[in-house]
Amino acid sequence: MRTTMDVGQRLAELVQAGRNRAAIEELYADDAVAVEAMEDAPMGREVVGKAALLEYADWFFRVHEVHGQSVDGPFPHDDRFICILSIDLTATEGPMEGQRFQMKEAAVYTVTNGHIVRSEFFYGHGTCDDATS
């Protein structure tokens with residue numbers, strides 16, 4: 001069974017390679033929960049279940065052109081780890097269509113039985129060059 005550090009290292013490896021969907025497929029539990037920092041997230045503040053997480057990821061990468069992304073971490077602590085995620089992208093739909101911006105967020109992941117069961121994302125105003133204000 002994968003340790004918390006194993007899961008964190010694999011997540012960082014996959015995200016760094018632009019394989020975000022594969023990270024969800026491989027590392028998340030079927031009943032995993034992702035919690036966004038802001039109430040107005042497109043699919044609501046909480047996304048529950050691997051299928052819904054994949055749907056959210058598919059939407060996100062469909063409406064954004066990614067120019068690059070990076071991961072700092074993982075930084076483990078018992079059954080959790082933190083990664084700092086950075087992404088450079090251009091919106092391809094919606095009110096920010098055509099605008100390029102950078103996002104940076106901290107994410108706390110909780111691991112049970114070798115799978116991510118909860119991810120919580122922390123970001124604030126200004127992390128998207130006014131995209132979240």
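Treat the numbers as computed from the prediction; the structure is a model and nothing was measured.
Placement of Met38 and Leu85 within a single hydrophobic cluster is found when ILVMFWY residues are connected by side-chain heavy-atom separations under 4.5 Å, directly or transitively. Tracing side-chain contacts under 4.5 Å through hydrophobic residues (I, L, V, M, F, W, Y), one reaches Leu27 starting from Phe61; they form part of the same cluster. One hydrophobic cluster holds both Phe60 and Phe121 under the rule that ILVMFWY side chains link at heavy-atom gaps under 4.5 Å. Hydrophobic clustering of Ile, Leu, Val, Met, Phe, Trp and Tyr side chains at less than 4.5 Å, counting indirect connections, unites Tyr56 with Tyr123. Transitive grouping of hydrophobic side chains (ILVMFWY, heavy atoms separated by less than 4.5 Å) keeps Met103 and Val35 in distinct clusters.
With a 4.5 Å cut-off on side-chain heavy atoms, Phe81 and Leu11 count as touching.
A donor-acceptor pair under 3.5 Å is formed between the side chain of Lys50 and the backbone N or O of Glu25. Within the 3.5 Å criterion, the main-chain N or O of Glu55 finds no donor-acceptor partner in the side chain of Asp58.
For the residue pair Ile84 and Ala106, the shortest heavy atom distance occurs at CD1-CB, 3.7 Å. Cys83 and Tyr109 make their closest contact through CB-CE1, 4.2 Å (heavy atoms, listed as atom of the first residue, atom of the second, distance). Of all the heavy atoms in Met96 and Ala91, the pair that sits closest is O-CB, 3.2 Å. The heavy-atom pair separating Ile116 from Ala32 by the smallest distance is O-CB, 3.5 Å.
Summarising the geometry, atom CD belonging to Glu13 is positioned 8.5 Å from atom CZ belonging to Arg19; distances are rounded to the nearest 0.5 Å. Atom CZ in Arg2 sits 10.5 Å away from atom CD in Gln9 (nearest 0.5 Å). Separation of atoms CZ (Arg100) and CD (Glu65) is listed at 8.0 Å; rounding is to 0.5 Å.
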N/O donor-acceptor pairs under 3.5 Å from side chains in residues 66-80, not counting sequence neighbours:
{"unit_1": "His67", "atom_1": "NE2", "unit_2": "Thr90", "atom_2": "OG1", "d": "2.6"}
{"unit_1": "Gln69", "atom_1": "NE2", "unit_2": "Val15", "atom_2": "O", "d": "3.0"}
{"unit_1": "Gln69", "atom_1": "NE2", "unit_2": "Asn20", "atom_2": "OD1", "d": "2.8"}

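Using a 4.0 Å cut-off between a side-chain N of Lys or Arg and a carboxylate O of Asp or Glu, Glu26 and Arg21 do not qualify as a salt bridge.
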